[in-house]
Amino acid sequence: MKKILVGLLVLGAILTGLAKAELDTPLELSNLESLRGMTGIAETLPAEEMKRQPREQMLNTDFVYQPPLIPHDIRNYEVSLNANKCLSCHSWKNAKVMGATKISVTHFVDREDAVLADVSPRRYFCLQCHVPQTDAKPLVENRFKSVDALN
């Protein structure tokens with residue numbers, strides 16, 4: 001029993017040493033590259049150009065229950081506890097006049113499945129699920145295939 005315990009302690013010490021050596025390896029000597037490239041943490045890179053957003057172009061959704069993408073610029077839109085700029089166009093009251101898509105009826109249901117007269121607090125912060133479209137280059141390779149492509 002003592003030999004097994006000593007063996008486990010030695011193995012633990014070896015693994016700890018290997019892990020520490022891995023953590024101490026500088027990024028430029030490892031095979032890893034962060035999204036910042038080979039830039040050190042203390043260095044400040046210039047900001048990238050703003051990505052171009054297509055105007056009023058609707059992209060198809062790729063999977064069931066995917067929240068629709070936002071087909072317009074939302075820069076300077078306030079979505080906070082006190083205001084929601086999205087609702088000025090997409091609320092049921094304003095959607096027809098503004099020519100916008102109405103909020104889904106699912107956004108008026110609370111956790112207990114009670115239908116509310118106004119948008120549910122859990123659906124109020126639109127940008128948690130809905131994101132603007134952009135022509136940005138993917139950060140990582142995407143091999144996703146929609147259900148139609150699997151045939």
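One-based numbering along the sequence shown. Note that this is a predicted model, so its numbers are computed, not measured.
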Q: Calculate, to the nearest 0.5 Å, the distance between atoms CD and SG belonging to Glu78 and Cys86 respectively.
A: 11.0 Å
**Q.** Pairwise distance NZ(Lys96) to NZ(Lys102) - rounded to 0.5 angstrom
**A.** 7.5 Å
(Q) Test of understanding: clusters of I, L, V, M, F, W, Y form through side-chain heavy atoms closer than 4.5 Å, transitively. Do Met98 and Ile74 belong to the same one? (A) no
Q.
Quick check against the 3.5 Å criterion: does Ser88 have a side-chain atom that pairs as donor or acceptor with the backbone of Lys85?
A. yes
(Q) Any heavy-atom pair between the side chains of Cys89 and Val97 that's under 4.5 Å? (A) no
**Q.** Worked check of side chain to side chain contact (heavy atoms under 4.5 Å, CB included) between Val109 and Arg123
**A.** CA-CA 9 Å; Val109 179; Arg123 299 293 187 107; over 6 Å; no
Q) Of all heavy-atom pairs between Trp92 and Val105, which one has the smallest distance, and what is that distance? A) CZ2-CG1, 3.5 Å
Q) Side chain of His130, backbone of Pro68: donor and acceptor closer than 3.5 Å? A) yes
**Q.** Reported CG-to-OH distance for the pair Leu81 and Tyr124, which is rounded to 0.5 angstrom
**A.** 7.0 Å
Q) In Å, rounded to the nearest 0.5 Å, how long is the span from CG of Asp73 to CD of Gln133? A) 12.0 Å
Q | Co-members of Met1 in a cluster of I, L, V, M, F, W and Y side chains, linked at under 4.5 Å | A | none
Q. For the atom pair OG (Ser120) and CD1 (Ile103), what is the distance rounded to the nearest 0.5 Å?
A. 11.0 Å
**Q.** Val119-Leu116 co-clustered via ILVMFWY side chain contacts under 4.5 Å
**A.** no
Q. Should we count CD1 of Ile4 as having more than 12 external heavy atoms under 6.0 Å?
A. no
Q: Evaluate the criterion side chain to side chain contact (heavy atoms under 4.5 Å, CB included) for residue pair Val131 and Leu69; output intermediate values, then yes/no.
A: CA-CA 5 Å; Val131 296; Leu69 299 172; 3.6 Å; yes
Q: Determine, stepwise, if the pair Asn84 / Leu87 fulfils side chain to side chain contact (heavy atoms under 4.5 Å, CB included).
A: CA-CA 6 Å; Asn84 185 328; Leu87 296 177; 3.7 Å; yes
Q | Stepwise side chain to side chain contact (heavy atoms under 4.5 Å, CB included) check, Asp110 with Val115 | A | CA-CA 7 Å; Asp110 69 6; Val115 178; over 6 Å; no
Q) Short question: side chain of Ser91, backbone of Asn94 - any donor-acceptor pair under 3.5 Å? A) yes
(Q) To the closest 0.5 Å, what do you measure between SG (Cys126) and NE2 (His90)? (A) 8.0 Å
